[in-house]
Amino acid sequence: AQSVTQLDSQVPVFEEAPVELRCNYSSSVSVYLFWYVQYPNQGLQLLLKYLSGSTLVKGINGFEAEFNKSQTSFHLRKPSVHISDTAEYFCAVTNRDDKIIFGKGTRLHILP
Amino acid sequence: SAVISQKPSRDICQRGTSLTIQCQVDSQVTMMFWYRQQPGQSLTLIATANQGSEATYESGFVIDKFPISRPNLTFSTLTVSNMSPEDSSIYLCSVAIGGPYEQYFGPGTRLTVT
């Protein structure tokens with residue numbers, strides 16, 4: 001069975017500093033991987049996705065993620081965060097059976 | 001992408017009552033999904049809403065508790081029946097566009113059961 005682990009429930013980071021949100025998955029087959037963002041009182045928005053090809057995936061708002069098959073990881077990074085990045089970030093995986101499994105989320109706090 | 005709206009955005013309901021949540025999409029989509037996001041938790045898929053047939057429910061969710069309608073390709077409803085405080089959650093609908101793996105979410109319905 002698939003599972004997704006987001007190791008950090010909350011990540012505080014100063015404005016303009018870099019950030020990495022960690023995500024590890026388990027699956028016995030090939031997977032597709034996603035990061036979603038949920039701003040306060042809003043629904044989820046797709047940040048980026050890995051389906052195949054280059055392991056470095058660029059998304060919206062300056063975010064990128066790297067698929068590492070050997071470490072079964074898909075960490076999200078941004079070189080310089082802004083206050084507007086304050087949100088909850090969800091990593092998700094599917095093994096192509098139409099069901100997406102979500103991690104528990106990481107709340108990103110931007111400190112002034 | 002798609003523009004997805006949900007009604008109501010939030011509600012406070014008494015235990016034992018039912019609430020119907022509406023999901024409207026601005027384009028025709030084949031696949032629509034309903035999720036539950038309990039406080040401090042991740043999203044859990046309740047069911048896949050199929051147009052013209054019964055919804056497909058995930059383990060732990062049953063039609064009597066969460067009846068779903070999908071009368072056309074742009075609209076679906078989820079009813080939370082005989083509510084208890086444990087049903088207090090955010091309920092989100094999503095649609096798949098460009099393949100089943102790219103899902104776009106509505107803003108959610110925040111339900112509180114007292």
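Below, chains carry the letters A, B, ... as their sequence lines are ordered, and counting in each starts from 1. Only heavy atoms go into these numbers, but all of them, side chains included; no hydrogens, no water, no symmetry mates.
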Legend entry - Neighbour count >12 (heavy atoms, 6.0 Å) for atom CG, L111(A): yes
Legend entry - Side chain / backbone / both / neither for E58(B) at chain A, heavy atoms under 4.5 Å: side chain
Inset, instruction - Could you tell me which portion of K104(A) (side chain, backbone, both or neither) has an atom closer than 4.5 angstrom to a non-hydrogen atom of chain B? - result: both
Legend entry - L46(A) versus chain B, the contacting section by heavy-atom distance below 4.5 Å: side chain
Inset, instruction - Grab the two heavy atoms, one from F105(B) and one from L44(A), that are nearest each other, plus how far apart they are. - result: CB-O, 3.5 Å
Legend entry - ILVMFWY cluster, F74(A) and I101(A) together (side-chain gap under 4.5 Å): yes
Inset, instruction - Say whether Y57(B) and V80(B) are linked into one hydrophobic cluster, either directly or through other cluster members, by side-chain heavy-atom distances under 4.5 angstrom. - result: yes
Inset, instruction - Look at atom CZ of R107(A) and say whether more than 12 heavy atoms of other residues, nucleotides or ligands are closer to it than 6.0 Å. - result: no
Legend entry - Part of L92(B) lying under 4.5 Å from any heavy atom of chain A: side chain
Inset, instruction - Determine whether more than 12 heavy atoms belonging to other residues, nucleotides or ligands lie under 6.0 Å from atom CD of Q14(B). - result: no
Legend entry - Interatomic distance, F102(A) atom CZ to Q37(B) atom CD [nearest 0.5 angstrom]: 9.5 Å
Legend entry - Joint cluster assignment, L76(A) & V13(A), ILVMFWY side-chain distance < 4.5 Å: yes
Legend entry - Which atoms of Q38(A) approach chain B - backbone, side chain, both or neither, heavy atom under 4.5 Å: side chain
